[in-house]
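Read the structure below first, then the notes.
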Amino acid sequence: MAARSTQIDPDPAALLSHAAARGMRAQVRAAPPVAALFAPPSDPLDDRTRAALSERLERLVRTSADRLAEVAAARLDAAAEPALAARIRGEAEQVWDRLAAVPTLWDETLLAELLAETRLALLAAALPVRAPFNPDQPSLLARLAHSDDALIAEAAKLLLLHGSVAEYATLQQLCWPIAAALRQNATDPEEIALLDRALISAVEQLRGQDNEAPAAARLARALRRDVATLPELIEQALADRRLELVVALIADAGGLGPRAVRDLVLERDPAPLCMLLRALDLPRETLARIGFALCEADPARDLDAFADLIDEVAAVPLQAAWRAVAAMALPAGYRTALLALGDGAGA
């Protein structure tokens with residue numbers, strides 16, 4: 001059990017102020033620079049997180065490069081340029097090494113996003129294994145994938161197949177560096193012009209295709225109609241260690257962005273997440289299961305502080321809880337500016 005690391009005033013007004021301030025700050029923490037991925041193990045990233053982040057980033061870059069190269073090659077084939085099409089397909093294999101060699105090409109916003117997703121995935125993998133609610137039933141996602149509701153079934157299948165991998169964010173943020181790396185070795189002016197047209201067109205096409213919400217958010221939206229089942233859905237997703245779905249369900253119920261809720265789940269201070277769950281009027285038992293599971297998954301969390309907090313948060317009126325978490329609904333850039341100016345909640 002971790003030593004108590006967070007002292008929380010039990011006074012209701014102080015608790016509300018603390019939860020609001022921590023909730024505001026949890027979503028604007030600075031991420032380590034991209035260089036930390038390739039640096040010696042003396043930076044803020046521990047070895048496990050660095051390795052997982054580097055593996056995730058490499059996989060996403062390679063996947064995005066393959067997609068972009070294939071779409072561009074198809075355009076070159078259509079333009080009767082099969083040799084150039086074959087060449088650009090072959091160049092996709094070199095994209096990761098070329099981008100990794102030039103850290104200035106990396107987008108810090110993308111790194112922060114992938115780092116948060118990596119930490120969420122590591123936290124989910126460490127969640128305690130629970131006995132299924134019904135041993136004779138398949139997992140929650142497997143059941144939803146066979147739902148009679150086509151929207152629910154499609155979103156559940158996508159989440160089962162692909163999870164919440166941020167390929168969309170990768171392509172959006174790194175599309176031009178990937179495109180540049182694909183045509184890096186071209187020297188003939190006519191070939192360069194053909195490659196530029198094909199790559200620009202491919203980027204525009206793929207950007208247009210990737211505008212849909214992530215699978216977890218789509219599934220949460222499709223399940224929204226039956227609000228009474230929210231606590232059960234959250235607890236079953238937690239038991240299945242589908243933390244990305246837990247985040248999406250909470251975000252959708254609260255009308256918040258999934259990133260804001262994800263950052264509160266990653267925040268080791270329990271106050272802001274507990275206050276958000278209270279604002280959603282979730283049963284005390286659901287709040288307790290979520291909190292205890294996160295404490296078991298992350299030994300650095302303070303189980304005693306969380307246990308002390310449950311009853312205090314349960315006594316907070318719903319409207320007061322909503323006011324405490326209102327800052328979470330603000331755009332991230334606005335929150336950052338408010339904190340910098342000293343006008344954020346509790347700042």
Side-chain angles (χ1 to χ4, degrees), residues 19-20 22-32 45 49 52-53 56-57 60 108-127 141 155 158-159 162-170 172-173 212-221 223-224 230 233-235 237-238 240-280 282 286-287 289-291 293-295 297-298 300-301 306 325-336:
R22 296 292 293 190
M24 185 90 159
R25 293 180 186 279
Q27 301 160 64
V28 295
R29 301 194 192 287
L45 291 183
T49 302
L53 176 57
R56 177 183 289 250
L57 187 55
L60 292 177
E108 296 291 345
T109 302
L110 172 64
L111 176 65
E113 182 68 14
L114 291 179
L115 177 58
E117 287 202 359
T118 299
R119 285 176 168 156
L120 189 73
L122 292 174
L123 185 63
L127 286 172
L141 279 186
L158 283 173
L159 191 52
H162 304 296
S164 291
V165 175
E167 186 174 340
Y168 164 71
T170 306
Q172 294 292 309
Q173 301 291 345
E212 291 190 2
R218 292 171 61 185
L219 181 56
R221 189 183 309 138
L223 293 167
R224 184 191 303 167
L230 179 63
L233 288 171
I234 289 176
E235 291 186 32
L238 191 67
D240 288 348
R241 300 199 290 182
R242 289 286 182 174
L243 204 50
E244 75 277 25
L245 182 55
V246 173
V247 166
L249 288 166
I250 294 172
D252 188 78
L256 304 171
R259 289 185 180 92
V261 177
R262 178 200 62 202
D263 292 343
L264 291 193
V265 170
L266 294 174
E267 167 66 43
R268 284 170 172 163
D269 184 334
L273 178 61
C274 285
M275 197 62 69
L276 173 58
L277 299 177
R278 171 57 184 153
L280 295 178
L282 291 176
T286 300
L287 191 156
R289 289 191 181 101
I290 293 172
L294 293 176
C295 287
D298 182 1
R301 294 179 187 243
F306 171 75
V325 299
M328 299 176 203
L330 299 175
Y334 189 30
R335 288 194 304 268
T336 304

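What you are looking at is a predicted structure, and each value in this text was computed from that prediction instead of being measured.
Scored by the salt bridge (charged side-chain N to carboxylate O under 4.0 Å, His left out) test, D240 finds no partners at all (sequence neighbours excluded).
Side-chain contact between L294 and L273: present, with at least one pair of heavy atoms (C-beta onward) separated by less than 4.5 Å. The shortest distance between side-chain heavy atoms of T286 and L238 does not fall below 4.5 Å. Between L60 and E117, the closest side-chain pair of non-hydrogen atoms is not below 4.5 Å.
In this structure, the separation between CG on L256 and CG on L264 is 8.5 Å, given to the nearest 0.5 Å. Atom-to-atom distance recorded for L249:CG and L282:CG is 10.0 Å, nearest 0.5 angstrom. R224 CZ to L230 CG: the interatomic distance, rounded to the nearest 0.5 Å, is 11.5 Å. Atoms CG and CZ, from L123 and R119 in turn, are 11.0 Å apart once rounded to the nearest 0.5 Å. Interatomic distance, T118 OG1 to L57 CG, rounded to the nearest 0.5 Å: 8.5 Å.
Here the closest non-hydrogen pair linking L159 and R242 is O-NH1, 3.9 Å. Considering every non-hydrogen atom in both A116 and D263, the closest pair reads CB-OD1, 4.2 Å. Across G291 and F306, no two heavy atoms sit closer than the pair CA-CZ, 3.2 Å. Closest approach of D269 and A271 over heavy atoms only: OD1-N, 3.0 Å. A220 and A248 make their closest contact through CB-O, 3.4 Å (heavy atoms, listed as atom of the first residue, atom of the second, distance). In this structure, A293 and L127 approach most closely via the heavy-atom pair O-CD2, 3.6 Å.
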Check against side-chain contact (heavy atoms from CB on, under 4.5 Å), L115 and L53: CA-CA 6 Å; L115 177 58; L53 176 57; 3.8 Å; yes
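Formation of a donor-acceptor pair under 3.5 Å by the R301 side chain with backbone atoms of R268 is not found in this model.
For the side-chain contact (heavy atoms from CB on, under 4.5 Å) with I250, the lone residue among V246, D252, V247 that qualifies is V246.
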